[in-house]
Amino acid sequence: MRFAKLRLHLAVGLSCLGLMLSCTTAAWAQSSFTVEQVLSSPFPIELVAARQGSRVAWVFNAKGVRNVWVADGPDFVHSAHQLTHYSADDGQPIASLRLTPDGKTVVYALGSELNDAQESANPESWTKGAKQQVFALDVDAKDKQAAPRLLGDMGCPDEDCEDVEISPDGKLVVWSAKKKLWLASVDGKQQAKELASVRGAAVEPRWSPDGKHIAFVSQREGHSLIAVYDFDGNAVRYLAPSVDKDSMPRWAPDGKSIVFVRTAGEEQKRPLIPVRPEPWSLWIADAATGAGRLLWRSGEKLEDSLPGLTEDGSLNVAADGRVVFASEHDGRNHLYSIGIGGGEATLLTPGDFDVEDVTLSADKTWLIYSSNQYSSDKADVDRRHLWRVPVAGGAPEALTSGETMEWTPVQTGDGKSILCLGSTATSPAMPYEVTAKGREMIAAQALPSDFPSSSLVTPKQVIFQSDDGLTLHGQLFLPRKAKGKIPGLVFMHGGPIRQMMLGFHYMDYYHNAYAENQYLASRGYAVLSVNYRLGVMYGRAFREAPNTIWRGAAEYKDVLAAGRYLQALPQVDGEKIGLWGGSYGGFLTAMGLARNSDLFKAGVDFHGVHDWSVFLTERPYFGNLALRPPDAEAAVKLAWESSPNAYVSTWKSPVLLIHGDDDRNVPFSQTVDLVQRLRAQHAPFEQMILPDEIHGFLMWRDWVRAYTATEAFFDRTLNRGEKIGSGDWNSR
């Protein structure tokens with residue numbers, strides 16, 4: 001979840017965990033597997049394909065140990081192997097994985113992005129600190145134990161950490177860090193150096209097809225520009241400069257023009273409470289002269305705002321000069337294409353669904369995408385499958401179907417194979433080759449032999465309504481065997497622009513949460529994972545619902561509806577309903593305990609937001625009366641009334657607070673402040689603080705500790721009805 005610059009920190013202090021972890025559940029709720037087992041599968045990310053040949057690469061995170069893997073077609077299954085040899089659960093992630101065009105070398109960033117203090121995350125608390133650096137490693141090197149070669153330090157804020165781009169000839173790499181562009185040679189002979197001295201922050205570098213130029217975004221005060229750096233010149237060139245914000249530069253295949261997105265520049269004294277449209281347009285500029293013209297313009301309604309669901313992955317210049325982009329002007333996130341000369345845009349993906357991951361085929365004539373459109377099962381609205389459609393228009397073709405899920409599609413450079421990541425309800429995320437018969441798992445040897453697939457349950461899709469008539473989707477996890485009435489738990493995802501699905505999730509944070517819900521079900525709980533308003537894949541009106549977040553928190557109605565749905569189930573003990581969630585789900589957990597301790601008898605709040613008003617008053621212009629929005633006081637009041645802290649006086653139920661104190665999304669101070677308020681009210685709470693951890697825990701063992709503590713806390717408070725300390729965790 002992000003609001004302004006929300007920070008999310010994960011911290012774990014032991015406090016009374018020795019007591020918590022020693023607890024056992026009742027005999028009827030004994031699990032056939034452990035938290036460690038259900039979290040043991042290697043999670044795949046960063047699937048990429050070389051532009052030539054059939055090589056692909058990805059990153060596996062196996063119990064916190066991250067390594068690059070590669071595979072070659074046509075026999076991806078038997079050629080898959082580990083390339084790097086990292087061996088510790090040390091909290092140092094691998095990101096920005098790239099293959100050189102010929103596939104002979106991988107380039108990647110190792111380490112976490114920087115926080116506001118310009119520090120890379122260091123959850124191991126090393127005395128020398130940690131760095132984020134860029135490395136390269138040759139895939140076919142004779143020395144299979146060769147160490148990756150360092151290309152240079154990276155160190156960038158979170159939103160820019162994907163800006164690593166390799167030149168078309170595979171010899172150079174450029175990336176954005178510390179507001180500058182840095183250039184290094186892939187062979188390591190030329191260490192990173194600053195590319196050019198340019199005002200503002202330089203981000204989003206993109207190589208020209210001939211490798212002689214780099215387009216990038218120059219972020220300025222209140223506006224941004226598209227700039228072009230020439231390797232044989234001595235000055236940068238700006239494309240159609242204006243007072244607006246330009247972003248997402250995309251070169252045409254012939255290298256003569258650049259397409260980019262334009263949105264409005266910043267407006268001072270803009271009222272905060274009304275939600276206003278954010279119109280946008282596509283521009284095209286001559287790369288040599290900088291002269292630009294309007295290509296396409298959105299409407300002026302709310303649904304015409306710049307879509308964020310596909311981020312910038314949907315904007316491409318494809319074959320025959322077709323510009324592909326996403327728009328939500330019909331209420332759904334769909335793909336369109338328009339000729340580079342202009343004209344009417346062609347709708348490529350009609351229907352009552354949303355598009356998510358998007359990539360171009362190797363020959364740039366097809367779009368391959370993931371969506372939740374109906375394939376063979378109406379429950380596909382809560383899954384993902386792969387489709388393809390010609391960039392010029394035509395009938396979309398399903399590439400996968402059934403009770404599986406697929407995401408992150410790529411096509412090999414030779415155009416012969418499509419690969420993806422995928423999962424099912426009981427099998428974790430893994431890489432797959434898409435075949436005529438369906439899909440075939442790659443690197444199955446990486447799966448632990450004791451991963452408990454056979455002991456997991458298939459969650460049931462449930463559809464119910466909030467009290468204002470909004471239709472909600474959820475996944476209900478029920479124990480295989482249970483005697484008598486069982487306790488119930490509501491799970492809320494973070495984001496909030498997320499969707500929980502009928503299987504293991506495509507994001508590591510929620511892949512872990514899905515595993516925890518499976519574990520909780522195995523321990524005898526009925527768990528309802530609710531897709532509340534503000535989530536994705538149910539249309540823009542659902543995702544951008546009115547009176548939500550700090551403007552009224554109407555999404556809390558959906559949490560109440562989920563709790564009452566659980567209460568009404570015949571197998572559930574209506575007096576033993578709890579709730580848990582992280583980030584935005586932590587906010588909703590706190591809301592439930594603060595406003596409805598009569599319904600929610602216990603909760604576990606992972607790094608939640610507890611006071612929205614802080615994020616408004618921390619904005620720079622709030623201290624400047626000349627720039628202050630006219631509705632500033634009303635906005636702060638509304639934000640406070642939309643926060644859990646406003647209802648602490650009615651917070652009676654026990655809570656376990658889990659937070660890392662280097663959170664870069666939700667400030668750790670949100671939990672610090674809440675604890676003082678709970679103490680003053682003598683409300684029962686316990687805390688697990690993880691020093692130097694960030695929002696999405698970087699160390700596997702921290703997930704294990706936090707999730708083990710979660711189940712133990714619910715066992716004590718819901719199952720056993722034990723009383724916990726009033727206000728001070730040291731009281732136990």
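Computed from heavy atoms alone, side chains included, the values below leave out hydrogens, waters and symmetry copies.
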By side chain to side chain donor-acceptor pair (under 3.5 Å) - contacts of N596 (at least two apart): Y556, D598
Residue pairs involving residues 639-659 (criterion salt bridge (Lys or Arg N to Asp or Glu O under 4.0 Å); sequence neighbours excluded): K637-E641
N/O donor-acceptor pair under 3.5 Å between K723 side chain and T717 backbone: no
Pairing of D715 and R523 as salt bridge, 4.0 angstrom limit: no
Residue pair M699 / D702, side-chain heavy-atom distance below 4.5 Å: yes
Verdict with supporting geometry, T471 and F542, side-chain contact (heavy atoms from CB on, under 4.5 Å): CA-CA 9 Å; T471 298; F542 186 90; over 6 Å; no
Donor-acceptor contact below 3.5 Å, side chain E555 vs main chain I549: yes
Polar contact flag, side-chain donor to acceptor under 3.5 angstrom, S529-Q475: yes
Short side-chain donor-acceptor distance under 3.5 Å, H473 and D382: yes
Closest non-hydrogen atom pair, P93 against G91: CD-O, 3.3 Å
N/O donor-acceptor pair under 3.5 Å between Y647 side chain and A590 backbone: no
Shortest non-hydrogen contact between P654 and I724, atoms and distance: CB-CD1, 3.5 Å
Pair R533 + D468, salt bridge at N-O below 4.0 Å: yes
Side chains of V530 and V490 in contact at under 4.5 Å (non-hydrogen atoms): yes
Intermediate values then yes/no, side-chain contact (heavy atoms from CB on, under 4.5 Å), R439 and T404: CA-CA 10 Å; R439 63 184 204 181; T404 63; 3.6 Å; yes
Donor + acceptor pair across side chains of D605, H610 (<3.5 Å): yes
salt_bridge(D377, R383) N-O dist < 4.0 Å: yes
Residue pair C420 / T408, side-chain heavy-atom distance below 4.5 Å: no
Check: S370 side chain, D357 main-chain N or O, donor-acceptor pair, under 3.5 Å: yes
Check: G494 main-chain N/O paired with Y510 side-chain donor or acceptor under 3.5 Å: yes
Approximate separation, where rounding is to 0.5 Å, of H385 NE2 and S371 OG: 9.0 Å
Check: T589 side chain, G603 main-chain N or O, donor-acceptor pair, under 3.5 Å: no
Heavy-atom closest contact (L39 atom, W700 atom, distance): O-NE1, 2.8 Å
Within 6.0 Å of CD in E403, more than 12 heavy atoms from elsewhere: no
Close side-chain approach of P691 and P123, heavy atoms under 4.5 Å: no
T710 side chain to A706 backbone, donor-acceptor under 3.5 Å: yes
From CZ (R677) to CZ (F685), nearest 0.5 Å: 13.5 Å
Qualifying residues under side chain to side chain donor-acceptor pair (under 3.5 Å), relative to S125, sequence neighbours excluded: D692
Worked verdict on M688 versus L657 for side-chain contact (heavy atoms from CB on, under 4.5 Å): CA-CA 6 Å; M688 184 184 228; L657 301 167; over 6 Å; no
side-chain contact (heavy atoms from CB on, under 4.5 Å) evaluation trace for Q676 with L678: CA-CA 6 Å; Q676 314 318 313; L678 292 176; over 6 Å; no
Check: N115 side chain, R664 main-chain N or O, donor-acceptor pair, under 3.5 Å: no
Between OG on residue S32 and CD on residue Q37, distance to nearest 0.5 Å: 8.0 Å
Check: F714 and Y525 side chains under 4.5 Å, non-hydrogen atoms: yes
Pair R716 + E686: basic N to acidic O under 4.0 Å: yes
Y532 ring center near H493 ring center (under 6.0 Å): yes
Pairwise distance OH(Y514) to NE2(H505) - rounded to 0.5 angstrom: 11.0 Å
Heavy-atom check, side chain of I45 versus side chain of F43, under 4.5 Å: yes
K63 backbone acceptor or donor facing R701 side chain under 3.5 Å: no
Positive for ring pair (Phe, Tyr, Trp, His ring centres under 6.0 Å) with F587, one of W612, F606, W550: W612
Non-hydrogen atoms of S583 and G495 that approach each other most closely: OG-N, 4.5 Å
Atom of P487, atom of N719 and distance for their closest heavy-atom approach: CG-OD1, 3.7 Å
Beyond-backbone contact of L447 with S41, side-chain heavy atoms, under 4.5 angstrom: yes
Pairwise distance CG(L470) to CZ(F464) - rounded to 0.5 angstrom: 10.0 Å
Test of ring centre spacing under 6.0 Å for Y509 and W703: yes
Contact check, side chains of V648 and L674, non-hydrogen atoms, under 4.5 Å: yes
N645-D673 side chain donor-acceptor pair, cut-off 3.5 Å: yes
Any donor-acceptor pair under 3.5 Å from S453 side chain to T426 backbone: yes
Shortest non-hydrogen contact between A526 and V572, atoms and distance: CB-CG2, 3.8 Å
Straight-line distance of Y707 OH to N517 CG, nearest 0.5 Å: 8.0 Å
Distance-only polar pair, side chains of Q499 and R384, donor-acceptor under 3.5 Å: yes
Parallel, tilted or perpendicular, as decided by the 30° and 60° cut-offs, for the rings of W580 and F491: tilted
Mutual orientation of the aromatic rings belonging to H511 and F504 [parallel < 30°, tilted 30-60°, perpendicular > 60°]: tilted
